[in-house]
Amino acid sequence: MMPRPYIPECLAILLMLGASTAHAQEAEKPQGVVELFTSQGCSSCPPADKALETLAREGKVVALSYHVDYWNYLGWADTLASKDNTERQYAYARMFGRNGVYTPQAVLNGREHVNGADLSTIRQRIAAMPKEGNGLEVPVDIEVKNDELRIRVGPGEGKANIVIAYFERERTINIDKGENRGKTVNYWHAVTDMETIGMWEGKETNLVLPADMLKKKKKAGGCAVLLQRMKSADTPGAIVGATVLSGDKASR
């Protein structure tokens with residue numbers, strides 16, 4: 001799913017470039033971003049879904065789950081899937097130079113991919129990437145204050161899209177058809193919508209959205225902000241900054 005272009009709905013967003021006195025509160029910097037591409041119709045995916053849940057509960061990384069729709073023909077239509085999620089995975093495939101896609105796939109910091117069920121490797125790579133110069137080098141903060149959702153992106157080098165991903169915090173699904181027939185699976189941080197809300201050009205950037213944006217998004221239990229470079233207009237690249245807002249903080 002490629003972030004949608006800046007559309008009229010977003011014109012209500014107040015975009016302020018440069019320094020601002022309304023900085024978001026400092027939060028613990030995430031170690032990295034894990035984007036899991038999964039499906040309720042894939043028999044190999046439940047262990048990866050559990051791994052993503054573990055990461056989401058720990059709160060040390062920005063953990064997002066994208067349910068894809070290309071396994072629906074196996075007998076179970078994924079209740080959390082969308083074509084946008086599938087398109088995002090295919091966009092990553094172009095970036096990686098791959099001819100196809102697979103599940104479960106975990107994309108790390110928008111730079112590399114591994115088996116989404118291999119939690120040990122995910123942890124090892126997320127820990128190693130900053131030392132290799134592939135970490136989250138730009139600070140990103142988010143907070144809810146009064147009736148505002150405040151986002152701050154710190155200074156750095158280069159250009160990137162400021163992307164917001166809305167997700168459902170947790171959902172338990174009873175699967176009665178397909179490869180996972182009879183299983184009950186917990187799904188965490190399933191992305192329901194994603195859009196580009198601004199551009200970052202190396203300078204500190206502050207954005208303010210109405211706090212009720214979260215309420216307007218279908219079943220949104222939180223959101224993540226990704227600072228993502230682009231290989232081309234429709235091909236994503238490295239994620240160089242990120243943060244997440246979930247749970248009771250998102251409902252204030």
**Complete:** Rounding to 0.5 Å, atoms OG (S43) and CZ (R181) come to a distance of 11.5 Å
**Message:** Within this structure, what is the CG-CG distance for the pair N161 and L226, rounded to the nearest 0.5 Å?
**Reply:** 10.5 Å
**Asked** With no hydrogens and no angle check, is any side-chain donor or acceptor of R171 less than 3.5 Å from a backbone partner on T79?
**Response** no
**Item:** Residues V244, F167; criterion side-chain contact (heavy atoms from CB on, under 4.5 Å); working and verdict
**Value:** CA-CA 10 Å; V244 66; F167 58 81; 3.7 Å; yes
**Message:** Under 6.0 Å between ring centres: does that hold for H113 and Y102?
**Reply:** yes
**Request:** Evaluate the side chain to side chain donor-acceptor pair (under 3.5 Å) criterion for residues T172 and N186: first the C-alpha distance (whole Å), next the side-chain angles of each, then the deciding distance (0.1 Å), finally the verdict.
**Result:** CA-CA 4 Å; T172 300; N186 288 330; 2.5 Å; yes
**Message:** Do Y166 and E195 make a side-chain contact, defined as non-hydrogen atoms from C-beta onward lying under 4.5 Å apart?
**Reply:** yes
**Message:** Given 3.5 Å as the limit, does a donor-acceptor pair link the side chain of T86 with the main chain of D69, or not?
**Reply:** yes
**Complete:** Correct closest heavy-atom pair for Q40 and N180 would be O-ND2, 2.8 Å
**Request:** State plainly whether one hydrophobic cluster holds both V240 and V225, where clusters connect Ile, Leu, Val, Met, Phe, Trp and Tyr through side-chain heavy atoms under 4.5 angstrom apart.
**Result:** yes
**Request:** Report yes if some heavy atom in the side chain of L108 is under 4.5 Å from a heavy atom in the side chain of V114; otherwise report no.
**Result:** yes
**Message:** Give me the atom names and distance for the closest heavy-atom approach of A63 to L52.
**Reply:** CB-CD2, 3.7 Å
**Prompt:** Same hydrophobic cluster for F96 and V33, using side-chain heavy-atom links shorter than 4.5 Å among ILVMFWY?
**Reply:** yes
**Message:** In the structure I gave you, are the side-chain heavy atoms of I173 and T184 within less than 4.5 Å of one another anywhere?
**Reply:** no
**Asked** Checking side-chain contact (heavy atoms from CB on, under 4.5 Å) for the pair L245/V144: CA distance, chi angles, key distance, verdict?
**Response** CA-CA 9 Å; L245 181 73; V144 175; 3.6 Å; yes
**Prompt:** Can you get from V138 to V34 by hopping between Ile, Leu, Val, Met, Phe, Trp and Tyr side chains that sit under 4.5 Å apart?
**Reply:** no
**Message:** Keeping H189 on the side-chain end and S65 on the backbone end, is there a donor-acceptor pair under 3.5 Å?
**Reply:** no
**Request:** May I have the step-by-step check of side-chain contact (heavy atoms from CB on, under 4.5 Å) for V185 and Y187, ending in yes or no?
**Result:** CA-CA 6 Å; V185 184; Y187 296 103; 3.4 Å; yes
**Request:** Please report the closest heavy-atom contact between L36 and A48, naming both atoms and the distance.
**Result:** CD2-O, 3.6 Å
**Prompt:** In Å and rounded to the nearest 0.5 Å, what is the CZ to NZ distance from R94 to K231?
**Reply:** 13.0 Å
**Request:** Just grab all the salt bridge (charged side-chain N to carboxylate O under 4.0 Å, His left out) pairs involving residues 104-123, residues at least two apart or on different chains.
**Result:** E58-R123, E112-R125
**Prompt:** When you check the gap from the basic side-chain N to the acidic O, do K83 and E87 get nearer than 4.0 Å?
**Reply:** no
**Asked** Got a sec, which residues hit side-chain hydrogen bond (donor to acceptor under 3.5 Å, both in side chains) with Y92, two or more places apart in sequence or on another chain?
**Response** E35, R88, Q228
**Request:** Using atom types as modelled and distance alone, determine if a side-chain donor or acceptor of K29 lies under 3.5 Å from a backbone N or O of L136.
**Result:** yes
**Request:** Evaluate the criterion side-chain contact (heavy atoms from CB on, under 4.5 Å) for residue pair I162 and L207; output intermediate values, then yes/no.
**Result:** CA-CA 10 Å; I162 304 172; L207 301 92; 3.7 Å; yes
**Asked** What are the two closest non-hydrogen atoms of A91 and T235, and how far apart are they?
**Response** O-CG2, 3.8 Å
**Message:** Give me the atom names and distance for the closest heavy-atom approach of G41 to L74.
**Reply:** O-CD1, 3.7 Å
**Prompt:** Between the side chain of T54 and the main-chain N/O of K50, is any donor-acceptor distance below 3.5 Å?
**Reply:** yes
**Message:** Quick check on the 6.0 Å ring-centre criterion: do H67 and F37 meet it?
**Reply:** no
**Asked** Would V107 end up clustered with V61 when hydrophobic side chains under 4.5 Å apart are linked, directly or stepwise?
**Response** no
**Prompt:** Can you tell me how far the CZ atom of R150 sits from the NZ atom of K145, to the nearest 0.5 Å?
**Reply:** 5.0 Å
**Asked** Are side-chain heavy atoms of L227 and I239 found at a separation under 4.5 Å?
**Response** no
**Where at least one partner belongs to residues 101-110, residue pairs that pass salt bridge (charged side-chain N to carboxylate O under 4.0 Å, His left out), sequence neighbours excluded** = none
**Item:** Side chains of N109 and I126 in contact at under 4.5 Å (non-hydrogen atoms)
**Value:** yes
**Prompt:** With distance as the sole test, does W200 use its side chain to make a donor-acceptor pair with the main-chain N or O of G154 at under 3.5 Å?
**Reply:** yes
**Where C223 and I142 come nearest, the two heavy atoms and their spacing** = SG-CD1, 3.8 Å
**Asked** Knowing that exactly one of D78, N85, T103, D49 qualifies, which makes a side chain to side chain donor-acceptor pair (under 3.5 Å) with T38?
**Response** D49
**Fill in**
Separation between CG (N206) and CD1 (I151), nearest 0.5 Å, reads 10.0 Å
**Message:** Whether the side chain of N115 engages the backbone of A117 through a donor-acceptor N/O pair (distance < 3.5 Å, no angle test) should be reported.
**Reply:** yes
**Item:** Inter-residue atom distance E168.CD - E170.CD, 0.5 Å rounding
**Value:** 9.5 Å
**Prompt:** CD of E157: more than 12 outside heavy atoms within 6.0 angstrom?
**Reply:** no
**Message:** A side-chain contact here means heavy atoms from C-beta on lying under 4.5 Å apart; do S82 and V68 qualify?
**Reply:** no
**Message:** In the structure I gave you, are the side-chain heavy atoms of R57 and W188 within less than 4.5 Å of one another anywhere?
**Reply:** yes
**Asked** Does CH2 in W71 sit with more than 12 non-hydrogen atoms of other residues, nucleotides or ligands closer than 6.0 Å?
**Response** no
**Message:** Could you tell me if the side chain of V62 sits less than 4.5 Å from the side chain of T243, heavy atoms only?
**Reply:** no
**Asked** Checking R229 side chain against K159 main chain: does a donor-acceptor pair fall under 3.5 Å?
**Response** yes
